Amino acid sequence: MADAYDFRSVERKWQERWLRDRAFDTPAVPTREKYYVLEMLPYPSGDLHVGHAKNYTLGDAIARMMRMLGYDVLHPMGWDAFGLPAENAAIQRGIDPATWTRSNIANMVRQLRLMGTGYDWSREIATCDPEYYRWNQWLFLRFLEHGLAYRREAPVNWCPHDQTVLANEQVIDGRCWRCETLVERRNLEQWFLKITSYADRLLADLDRLEGWPERTRTMQRNWIGRSEGVEFSFAVEGIDAKIDVFTTRADTLFGSTFLAIAAEHPVIAALKSVIAKKRAAEIDAFAESLCSKSELERTSLMEKNGLFTGAYAINPLSHERVPVWVTNYVLAEYGTGAVMGVPAHDERDFDFAKKHGLPIAQVIVPHGGPDAPPPLVEAFVEDGRLIASDDFTGMSSARARDAIAERLAALGVGRKSVNYRLRDWLISRQRYWGTPIPILFCEACGEVPVPDEQLPVLLPPNAPITGEGSPLARMPEFVNATCPRCGGPARRDTDTMDTFFESSWYYLRYLSPHDANAAWEREDADRWMNVDQYVGGSEHAVMHLLYARFFYKFFHDRGWVGGDDEPFARLFHQGFVLHDGEKMSKSRGNVIGIDETAEKNGVDAMRLFLLYVTPPEDTSDWTDEGISGRVRFVHRLWRLCEPLTRAAADVRTPPEVNGGDERALLRAVHVAARSAIDETRSRRFHFNTTIAKLDELLNAMSALLRSTPESPALAYAAHALPLLVAPFAPHIAEELWERSGHTTSVHLEPYPEPDDSIIALDEIVLVVQVNGKIRGRLTAPSGLSESEALALALADPHVRSSLDAKEPRKHFYVPDKLLNLVV
RNA sequence: GGGGAAGUGGCGGAACGGUAGACGCAGCCGCCUCAAAAGCGGCCGGGGUAACCCCUCGUGCGGGUUCAAAUCCCGCCUUCCCCA
């Protein structure tokens, strides 16, 4: 037997050589058709495990397949290097965030190379480099120039653990998405990006993203939450103030029996002039009690509660007086901060009215229902026919919505309007390890942007990072600056940006990562954008992917990128890797690391296992038994092919063969090639089936080796296999290829072209059914005509007896597969 | 509560209206070996049959469409994911 395959030294050898030869650098200008494949850039947390490996192996296999299929492939990698963990390390262990991040990146680069990935390392970026975040600041100033960045005081989600504000998207079930601490509410001056002005386009263009999972598009649609309705005002009795409300159910307007406003609603200040002092104090106390509550608590967990203000508003159409209530479930940030309460036709309002003894006035009845219905036991929320609604009575809900909107508009108190669930993106963070916001506050000039030529505003070293408050605010040398307009003293903004800002445009920086004059060049964008295949976890289905789409549309509007205004043509979400049925985590102690797996099983085996165990989008389970199957495959591949590397064989021309086993082997080669190419071109990426075909190929080699050891088909297969496995097991492929006498990389070769005439069987098994039940399997030459097949079947004694002497009434023929006789 | 996805041997999965269980793992038998490991060969959904051919049941449950359903449709159950 040949020497056992020494995967450790072979894998090391090729990893070193690929690095030395810059084997996977991208041409600056593609000459063949371009293909941009991208995995979501990782946060440099320190160590990679096989869960990460699944993601990068898939991207790598796609990149290598596409390269072998004749494309100029761009496959870059970088680091989402700002963020809280680095700062937490500083707080807990006194390590400088930059040092911590750098050493993590160094380790993870080593691990990515250890995984055999073929990235273009000349394009590596780290978002914490001034080289990179300088352009973050530059882009922020462009948003500001175009009115898409603004500053205001707002109640925000505050994580008491991380001491920072969070975007709504970063609050999951009322908890911080990173540390799971219960989120509180606070008021702070914050920078926002006006993503809402792109809401309609972000929504509409989802329809065009056919290469995206439907699930993800649905999630984004729900997140944007567009609803059409009417915005109109209630006058407040006794004072010169109005309360605006938005409703999608204008048809229920005559059923409004109260007005619910948010505890933070600005009209409350004006109301105080018409209500008793004691009541005003109660309202303040009520608002106070809510300010620390998270949105989730207020909208879902807490009981619906409220307080009558003592003020009344006037319904603009019915002219009825309705009481104004402050409530805990209407949010100031959502819509207008006030809603008309219609207990009869809204579940939440119904509960609220029951609890506080407010009248329930039914104004919609089911079509065909009585005009004077019995009292409701629950809200009737469906559309119907209007009753007790003045001259709108009798109309259908749909018609009434239009008619009432028109009346409100005619009276000058309302108009049709569109409301979104999506809110503007809060980007300020009271943290150190992020991009400083390039704004100065001058006593004379006010808010002043840092001029472009003064960028980047550098993050100062040696910040006092203690976990309390903002480190930059405590650094006078950073805070104190000179106003670029008047030369007077100015104070810097001490907040840094949400890290989703960096990751919203990094795919463009890869195009010219070292350009000192621009974030990227339009020319490069024209060459390489859009990203043809984006690969990453579904946990980014809303935040990152929505922000990146927003940025790209803004860039497109500026003319900084051309073509389609969507950045990612196709998107693929890979599934998790579990171990012992649970997500891998340090605390559970069930992490399978890259280093230990590479040492124990080999990288090729690991890659094959991750691709083989399940389709890539499914959750897979890491098992020692499972990986051992792929370790066996690698050794078997070596044992079968290595001895044949010295035999002459032309991979591109199959040899002439006679025997059935020989034909079967040639066929297995071409079936495997067909599978790999189909899975790639269909973008299904179910390489698990391709690897199963490679198993069958090795089985066919074993069989032929036993029956016809001198067959030229064996050397042919042995020379084709390195090409076939190259995208999945790149090291052993390269080693076998070299041993076959080749001096250039197997990864730059064209993928084997499957030949349908070799795949076609000359003898097939024709399944004969009678009334849909299998009654015979007949061996026959392929390409039988329908009448030949029928004749053959009717000649078969077993089929004849199944027919029970009856003549088939009808038959159905699937060529080379099946004949169904119906009697 | 609403929306979405999924349910196939002991396990992971294959089969995108046409032979259910490819391929792998585990298990069992054999060869090799002093022995073991590795390797190689074979068996491997349930029932019927001494046995082969064969018959029959079988893709969460119940219906339906079709010559033909794991696949399409309707209802239910379970699990997971999003949203409330």
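It should be emphasised that the depicted structure is a prediction, and the values quoted were computed from it without experimental measurement. The chains referred to below are lettered A, B, ... by the order of the sequence lines, with proteins before strands, and numbering in each begins at 1.
Here B:C82 is the nucleotide among B:C82, B:G24, B:C67 with the atom lying nearest to any side-chain atom of A:Met219. Closest approach to the A:Arg630 side chain among B:U19, B:A84, B:G24 is made by B:G24 (side chain taken as heavy atoms from C-beta onward). Taking every side-chain heavy atom of A:Pro615 into account, B:A14 is the closest of B:C54, B:A14, B:G18. Of the candidate nucleotides B:C40, B:C16, B:G18, B:C16 has the atom nearest to the side chain of A:Arg684. Proximity note for A:Ala692 (side chain, C-beta onward) versus B:C40, B:C23, B:A26: the nearest is B:C23.
Taking atom P on both B:C74 and B:U65, the two are 15 Å apart, rounded to the nearest angstrom. Rounded to a whole angstrom, the distance from the P atom of B:A15 to that of B:C31 is 38 Å. Nucleotides B:A51 and B:G46, compared at atom P, are 14 Å apart to the nearest Å. When the P atom is compared between B:C43 and B:C23, the two are found 11 Å apart, to the nearest whole Å. One P atom belongs to B:G10, the other to B:C44, and the distance between them is 15 Å to the nearest Å. Using atom P as the reference point in both B:G3 and B:A20, the two lie 36 Å apart (nearest Å). Straight-line distance between the P atoms of B:U49 and B:U56: roughly 16 Å, to the nearest whole Å. Taking atom P in both B:C73 and B:G21, the straight-line distance is 25 Å, to the nearest Å.
In the interface, the side chain of A:Asn820 is paired with the base of B:C67 through a donor and an acceptor atom under 3.5 Å apart.
The closest donor-acceptor contact from the side chain of A:Arg800 to the backbone of A:Leu794 lies under 3.5 Å. A donor-acceptor pair is defined here as one N or O able to donate and one able to accept, closer than 3.5 Å; no such pair exists between the side chain of A:Arg549 and the backbone of A:Phe568. Panel note: side chain A:Arg8, backbone A:Glu599; a donor-acceptor pair is recorded below 3.5 Å.
In summary, the side chains of A:Thr690 and A:Glu679 do not present any donor paired with an acceptor at a separation below 3.5 Å, with no hydrogens or angles considered.
Between B:G4 and A:Arg217, no contact under 4.0 Å exists linking OP1 or OP2 to a side-chain N or O. The phosphate of B:C40 (OP1 or OP2) has a side-chain N or O of A:Arg636 nearer than 4.0 angstrom. Here A:Arg777 does not reach the OP1 or OP2 of B:C53: none of its side-chain N or O atoms lies under 4.0 Å away. A close approach under 4.0 Å does occur between a side-chain nitrogen or oxygen of A:Asn688 and OP1 or OP2 of B:A14. Under 4.0 angstrom from either OP1 or OP2 of B:A26 there lies at least one side-chain N or O belonging to A:Arg632. Residue A:Arg221 places none of its side-chain N or O atoms closer than 4.0 Å to OP1 or OP2 of B:C83. Remark: A:His635 is not in phosphate contact with B:C40, judged by side-chain N or O atoms under 4.0 Å from OP1 or OP2.
B:G9 shows a glycosidic angle within 90° of 0 and is accordingly assigned syn.
Ring centers of A:Trp212 and A:Tyr534: at least 6.0 Å apart, outside the cut-off.
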Hey, mind stepping through A:Tyr5 and A:Asp604 against side-chain contact (heavy atoms from CB on, under 4.5 Å) and telling me if it holds?
CA-CA 12 Å; A:Tyr5 173 54; A:Asp604 284 338; 4.2 Å; yes
